[in-house]
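Below is one structure, written out as structure tokens, with a few remarks after it.
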Amino acid sequence: MRLRRILPAAGAAAALVAGTVATATLPAAADTTGCAVTYTVQSQWTGGFTANVGITNLGSAITGWTLAFDFPDTGQKVTQGWSASWEQSGTRVTAAGASWNGSLGTGASTSIGFLGTWSGTNPQPASFTLNGAPCTGSVNPSPSQSPSVPPSTPPTEGPAPELKVSGNRIVTTDGRAYRLLGVSRSSGEFACVQGKGLWDSGPVDQASVDAMKTWNIRTVRLPLNEECWLGVNGSPSGAEYQRGVKDYVDLLVANGINVILDLHWTWGAYTTGPDWHCTDEHATCQKPVPDARYATQFWTGVASTFKGNDAVVFDLFNEPYPEIADNWNKTSGWQCLRDGGTCPGLDYEVAGMQDLVDAVRATGATNMLMVGGLEWTNDMREWLAHKPVDPLGNIVASWHAYSFNACANESCWDTQIAPLAQQVPVVLGEFGQDDCAFDYMQRLVNWADAHDMGYLAWTWNPWGCTGGAVLIKDWSGTPEPGVGEGYKAHLLTQSPYL
């Protein structure tokens with residue numbers, strides 16, 4: 001989160017009042033044609049709803065598809081869709097596959113979704129066709145698929161699961177696919193250098209964790225400060241900071257909540273950037289990329305502290321933007337991000353993502369790692385080509401998507417993020433909108449749900465929402481109107497298990 005984003009406003013979005021799930025599974029098709037469809041109403045409120053549509057091709061391989069169905073009620077309308085090109089005429093709805101999911105082999109599946117409105121009643125469609133062929137098939141989960149787990153009550157007992165990467169999924173030690181669903185809890189990155197202690201006077205006790213659990217929060221991302229952790233350059237005692245972080249992490253994990261530790265603020269002079277850039281060489285603000293001077297020491301210390309606890313995830317650097325220092329040169333930006341060294345426009349030696357991966361693994365830590373992209377990790381287009389090498393293959397892509405970012409709509413998500421998510425797990429490490437409403441965020445979490453993607457909203461801090469993404473009014477978890485109410489209601493319909 002760039003500090004200038006924290007403009008904590010009034011704005012209201014319709015709060016979800018009910019979550020209903022309606023599944024239409026339809027059985028037995030010929031060898032050459034056939035399909036199965038599941039239609040799920042993920043959330044519903046007065047006059048509106050979101051739905052996910054799962055499609056499985058049971059016939060011969062196809063290189064392009066169009067799904068069609070009829071709404072039973074004339075008041076049902078598709079207002080916005082994702083992962084397909086959606087059209088509606090009367091009650092007839094069609095959805096044509098995108099470039100990245102238009103080819104479906106025999107037995108292959110894809111998920112699409114939409115935001116809709118309704119009046120009167122909101123019944124599910126009775127039948128579906130795929131390229132004109134009736135979808136009358138049924139699908140039996142393969143042994144490798146995780147069992148479906150319905151939205152559950154907030155976590156109440158048992159520690160958080162240990163996690164690792166398997167293909168393009170995050171899984172638990174028993175192989176169940178898992179999503180990181182929750183919030184960022186800011187202050188560990190700035191309070192220590194602003195004379196506010198470690199957590200900016202906010203509680204880190206059982207009552208505060210219980211408040212998170214009433215929202216069904218299963219993951220908390222904690223931004224940290226490298227100088228405070230190391231106790232250098234006049235920062236408070238490193239040992240005290242480290243102890244405070246470990247105690248809070250241990251409490252969260254014991255309560256069934258996974259933790260992401262994020263390197264947020266770092267050392268390094270940056271004197272050639274735009275007028276809003278961070279000029280202080282110390283870790284008092286957000287830098288373009290991590291520094292070679294302290295960042296590897298930071299991760300060596302963090303990894304040594306938490307190795308053996310794979311319920312804790314390491315987000316290696318918050319929101320890189322090295323390309324801006326080189327006049328928006330993305331080629332040099334990607335190289336700088338991965339390889340570090342001397343980067344154009346930066347006055348300090350850079351620790352690349354490969355350096356940080358190596359530092360973590362040298363300690364023997366096996367924790368899952370998160371690695372970002374460019375443009376405050378909103379641009380992920382060259383992520384695969386510049387992915388650092390991890391001997392454990394335990395890296396996920398960290399993507400951020402705010403309403404004011406460049407990639408902030410379904411078309412961009414479909415073309416830039418969905419193909420990446422087919423190759424590696426993608427976690428939406430931060431997201432929000434700049435008016436305290438929930439409409440953009442609702443679209444984004446619906447899209448992420450359709451792609452089995454985890455997400456963490458900014459921010460679980462009672463700063464007063466006056467123009468940014470602030471979720472709560474107080475540490476008891478009272479939601480802010482619009483953004484907080486909408487996100488809480490959505491989380492309560494979700495399970496981390498797929």
Please name the pair of heavy atoms, one in [X] and one in [Y], separated by the smallest distance, quoted to 0.1 Å.
| X | Y | result |
| --- | --- | --- |
| A397 | V424 | CB-CG2, 4.2 Å |
| V289 | C336 | CG2-SG, 4.2 Å |
| Q433 | M441 | OE1-N, 3.0 Å |
| P322 | P288 | CD-O, 3.8 Å |
| V350 | D355 | O-OD2, 4.2 Å |
| N52 | S111 | OD1-CB, 3.8 Å |

Geometric class of the [Y]/[X] ring pair [parallel <30°, tilted 30-60°, perpendicular >60°]:
| X | Y | answer |
| --- | --- | --- |
| W463 | F190 | tilted |
| W399 | W413 | perpendicular |
| W460 | W215 | perpendicular |
| Y487 | F438 | tilted |
| H386 | W334 | parallel |

(request) Using the side chain to side chain contact (heavy atoms under 4.5 Å, CB included) rule, take W447 and M453 through it: C-alpha gap first, then chi angles, then the decisive distance, then the call. (result) CA-CA 9 Å; W447 187 91; M453 192 178 298; 3.6 Å; yes

Does a side-chain heavy-atom distance below 4.5 Å link [X] with [Y]?
| X | Y | value |
| --- | --- | --- |
| Y455 | R179 | yes |
| I112 | N101 | yes |
| C343 | Q335 | no |
| V470 | V483 | no |
| P479 | E485 | yes |
| V426 | V396 | no |
| M370 | D262 | no |
| N225 | Y241 | yes |

(request) Look at R169 together with D452 and state whether they make a salt bridge at an N to O cut-off of under 4.0 Å. (result)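 So R169 pairs with D452 through a salt bridge.
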
(message) Taking R243 first and then D247, would you say they form a salt bridge - that is, a charged N and a carboxylate O separated by under 4.0 Å?
(response)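 No, no charged N to carboxylate O under 4.0 Å.
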
Any side-chain donor paired with an acceptor under 3.5 Å for [X] and [Y]?
| X | Y | result |
| --- | --- | --- |
| S187 | R185 | yes |
| H282 | D280 | no |
| D347 | T271 | yes |

For the [atom1] atom of [X] and the [atom2] atom of [Y], what is their distance to the nearest 0.5 Å?
| X | Y | atom1 | atom2 | result |
| --- | --- | --- | --- | --- |
| N309 | T366 | CG | OG1 | 9.5 Å |
| L456 | S184 | CG | OG | 5.5 Å |
| L444 | D439 | CG | CG | 11.5 Å |
| I395 | M368 | CD1 | CE | 11.0 Å |
| D310 | E162 | CG | CD | 5.0 Å |
| L181 | T219 | CG | OG1 | 6.5 Å |

Would the distance check show the side chain of [X] and the main-chain N or O of [Y] forming a donor-acceptor pair, the cut-off being under 3.5 Å?
| X | Y | value |
| --- | --- | --- |
| N378 | C407 | yes |
| T415 | C412 | yes |
| K307 | G364 | no |
| D435 | A437 | yes |

(message) Walk me through whether V253 and V312 qualify under side chain to side chain contact (heavy atoms under 4.5 Å, CB included).
(response) CA-CA 8 Å; V253 170; V312 180; 4.3 Å; yes

(message) Let's go through W383 and V371 carefully: what are the C-alpha distance in whole Å and the side-chain angles of both, what is the deciding distance for side chain to side chain contact (heavy atoms under 4.5 Å, CB included) to 0.1 Å, and is it a yes or a no?
(response) CA-CA 9 Å; W383 191 94; V371 172; 3.9 Å; yes

(message) Let's go through R293 and D291 carefully: what are the C-alpha distance in whole Å and the side-chain angles of both, what is the deciding distance for salt bridge (Lys or Arg N to Asp or Glu O under 4.0 Å) to 0.1 Å, and is it a yes or a no?
(response) CA-CA 5 Å; R293 183 173 183 177; D291 60 297; over 6 Å; no

(message) Determine whether E375 and N405 satisfy the following criterion, side-chain hydrogen bond (donor to acceptor under 3.5 Å, both in side chains), listing intermediate values before the conclusion.
(response) CA-CA 9 Å; E375 207 167 319; N405 286 141; over 6 Å; no

Answer yes or no: does atom [atom1] of [X] have more than 12 heavy-atom neighbours from other residues, nucleotides or ligands under 6.0 Å?
| X | atom1 | answer |
| --- | --- | --- |
| K387 | NZ | yes |
| Q206 | CD | yes |
| Q416 | CD | yes |

(request) Begin with the C-alpha distance, continue with both residues' side-chain angles, and end with the deciding distance and a verdict on side chain to side chain contact (heavy atoms under 4.5 Å, CB included) for I257 and K213. (result) CA-CA 9 Å; I257 298 175; K213 290 161 69 173; 4.1 Å; yes

(request) Go through the steps for D250 and K246 under the test salt bridge (Lys or Arg N to Asp or Glu O under 4.0 Å), then give the verdict. (result) CA-CA 6 Å; D250 289 348; K246 187 174 188 308; 2.8 Å; yes

(message) Applying side-chain hydrogen bond (donor to acceptor under 3.5 Å, both in side chains) to D414 and S411, what does each step give before you reach the verdict?
(response) CA-CA 5 Å; D414 281 346; S411 176; over 6 Å; no

(message) If you apply the rule ring pair (Phe, Tyr, Trp, His ring centres under 6.0 Å), what do you find for W458 with Y402, and how did you get there?
(response) CA-CA 10 Å; W458 189 273; Y402 285 86; 7.5 Å; no

(request) Take Y497 and Y178 through the ring pair (Phe, Tyr, Trp, His ring centres under 6.0 Å) test and state the conclusion after the steps. (result) CA-CA 5 Å; Y497 291 97; Y178 195 85; 5.0 Å; yes

(message) My understanding is that only one of V360, N394, D315 makes a side-chain contact (heavy atoms from CB on, under 4.5 Å) with L369; could you say which?
(response)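 So the option named by the test is V360.
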
(request) Using ring pair (Phe, Tyr, Trp, His ring centres under 6.0 Å) as the criterion, point out the one residue from Y321, F431, F404 that pairs with W376. (result)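 Of the listed options, the one satisfying the test is Y321.
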
